[in-house]
Amino acid sequence: MTITIYHNPACGTSRNTLAMIRQSGEEPEVIEYLKTPPSRKTLVDLMKRMGMGPRELLRQKGTPYAELDLGSPKWTDDELIDFMLEHPILINRPIVATPLGVKLCRPSEAVLDILPNPHIGTFTKEDGEVVPARKTA
């Protein structure tokens with residue numbers, strides 16, 4: 001089974017999500033999207049599969065969002081995608097793709113909804129927050 005995470009190692013949520021995937025018994029393909037941004041086609045496909053548009057995927061914190069005035073309604077979806085491709089830090093993360101779906105995993109435990117084995121036991125995030133074990137059906 002192929003699992004892909006669009007990862008930023010400087011992001012705690014992204015690191016927690018990656019750790020949860022690994023705790024589930026999977027070793028994902030890790031794409032550090034700041035070093036290797038997705039193509040336009042891939043980014044558009046990911047958004048379609050997540051059921052979200054570019055505005056919903058834009059990251060504001062720690063990005064040039066405000067200085068580029070990206071909150072303005074003047075920008076089209078195609079223009080917003082152009083900005084994300086030019087400044088990959090604008091792509092919110094982590095995005096995880098599995099055969100069961102694609103999700104923006106914020107909070108990190110959202111990844112459990114699309115893992116083949118979501119029963120990873122109790123998980124403690126880097127900040128000490130405990131994610132309780134999922135009950136088996």
Side-chain angles (χ1 to χ4, degrees):
M1 172 168 292
T2 301
I3 296 176
T4 302
I5 180 171
Y6 292 86
H7 178 62
N8 179 350
C11 171
T13 301
S14 198
R15 290 190 305 268
N16 284 323
T17 302
L18 178 57
M20 287 181 173
I21 294 167
R22 288 179 170 153
Q23 191 164 314
S24 82
E26 300 287 341
E27 183 54 43
E29 175 184 7
V30 178
I31 297 174
E32 289 189 31
Y33 73 97
L34 296 178
K35 293 179 182 176
T36 309
S39 68
R40 172 179 285 278
K41 180 181 176 190
T42 298
L43 184 58
V44 168
D45 180 62
L46 289 168
M47 286 188 288
K48 181 179 177 183
R49 291 171 63 198
M50 288 187 289
M52 65 174 41
R55 287 194 186 281
E56 298 166 280
L57 190 57
L58 277 172
R59 182 171 175 80
Q60 296 180 32
K61 184 179 170 187
T63 74
Y65 179 92
E67 76 182 55
L68 294 171
D69 191 30
L70 297 182
S72 170
K74 70 182 177 184
W75 303 114
T76 66
D77 283 356
D78 280 339
E79 289 170 324
L80 293 174
I81 291 168
D82 289 340
F83 281 115
M84 285 192 265
L85 295 172
E86 185 178 340
H87 307 279
I89 193 71
L90 288 166
I91 302 170
N92 213 340
R93 78 283 178 154
I95 297 170
V96 178
T98 79
L100 302 176
V102 179
K103 273 193 113 128
L104 173 62
C105 294
R106 301 189 74 78
S108 51
E109 57 269 26
V111 75
L112 298 173
D113 295 336
I114 58 170
L115 288 179
N117 174 22
H119 305 288
I120 64 170
T122 301
F123 182 86
T124 304
K125 295 182 182 182
E126 291 179 0
D127 67 0
E129 179 185 348
V130 175
V131 177
R134 286 212 166 175
K135 297 188 186 327
T136 53

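In this chain, numbering begins with 1 at the start of the sequence shown. Note: hydrogens, waters and symmetry copies are ignored here, and every other heavy atom, side chains too, is used.
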### Query
Hey, which of Ile31, Val111, Leu18 is the one that makes side chain to side chain contact (heavy atoms under 4.5 Å, CB included) with Ile5?
Leu18
### Summary
Exactly one candidate in Ser108, Cys105, Pro118 meets side chain to side chain contact (heavy atoms under 4.5 Å, CB included) with Met20; the answer is Ser108
### Query
When rounded to the nearest 0.5 angstrom, what is the spacing between CG in Leu80 and CG in Leu57?
10.5 Å
#### Entry: Donor-acceptor contact present, side-chain Arg55 to main-chain Leu70, <3.5 Å
yes
### Task
Tell me whether Val102 is reachable from Leu112 by hopping between hydrophobic residues (I, L, V, M, F, W, Y) whose side-chain heavy atoms are closer than 4.5 Å.
no
### Rounded distance (nearest 0.5 Å) linking atom SG of Cys11 with atom CZ of Arg106
5.0 Å
### Option from Ile114, Thr4, Thr2 for which side chain to side chain contact (heavy atoms under 4.5 Å, CB included) with Thr98 holds
Ile114
### Query
Distance from Tyr6 atom OH to Asn92 atom CG, nearest 0.5 Å?
15.0 Å
### Query
Between the side chain of Asn117 and the main-chain N/O of Ser24, is any donor-acceptor distance below 3.5 Å?
yes
#### Entry: Separation between CH2 of Trp75 and CG of Leu68, rounded to the nearest 0.5 Å
7.5 Å
### Asp45/Lys41 salt bridge by N-O under 4.0 Å criterion
no
### Query
salt bridge (Lys or Arg N to Asp or Glu O under 4.0 Å) with Lys61: which residues, sequence neighbours excluded?
none
### Message
Measuring from atom CG of Leu104 to atom CG of Leu46, what distance do you get when rounded to the nearest 0.5 angstrom?
### Response
10.5 Å
## Note on the structure
Output for pair (Thr42 OG1, Tyr33 OH), nearest 0.5 Å, gives 15.5 Å
### Query
Can any side-chain N or O of Gln60 pair as donor or acceptor with the backbone N or O of Tyr65 at less than 3.5 Å?
no
### Task
Identify the heavy atoms of Met84 and Leu90 that sit nearest to each other, and give their distance.
CG-CB, 4.0 Å
### Message
Looking at Glu79 and Thr76, would you say the former's side chain and the latter's main chain have a donor-acceptor pair under 3.5 Å?
### Response
yes
### Query
Has the side chain of Ser14 got a donor or acceptor atom that lies under 3.5 Å from a matching backbone atom of Asn8?
yes
### Query
Do Lys74 and Asp69 have side chains that get closer than 4.5 Å, going by heavy atoms?
yes
### Message
Under 4.5 Å between side-chain heavy atoms, counting indirect links through other Ile/Leu/Val/Met/Phe/Trp/Tyr residues: same cluster for Leu115 and Val131 or not?
### Response
yes
### Task
Treating Ile, Leu, Val, Met, Phe, Trp and Tyr as nodes and any side-chain heavy-atom pair under 4.5 angstrom as an edge, say whether Ile91 and Met47 lie in one connected cluster.
yes
### Message
The test is salt bridge (charged side-chain N to carboxylate O under 4.0 Å, His left out); show your working for Glu109 and Lys125 and say whether it passes.
### Response
CA-CA 10 Å; Glu109 57 269 26; Lys125 295 182 182 182; 2.6 Å; yes
### Query
Which pair of heavy atoms, one from Pro54 and one from Ile81, lies closest together, and at what distance?
CG-CG1, 3.8 Å
### Task
Mark yes or no for whether Arg134, through its side chain, and His119, through its backbone, hold a donor-acceptor pair below 3.5 Å.
no
### Query
Do the side chains of Arg22 and Pro28 get nearer than 4.5 Å, heavy atoms only?
yes
### Query
Side chains of Lys103 and Met50: closer than 4.5 Å at any heavy-atom pair?
no
#### Entry: Shortest non-hydrogen separation from Glu126 to Gly12 and the atoms involved
OE1-CA, 3.9 Å
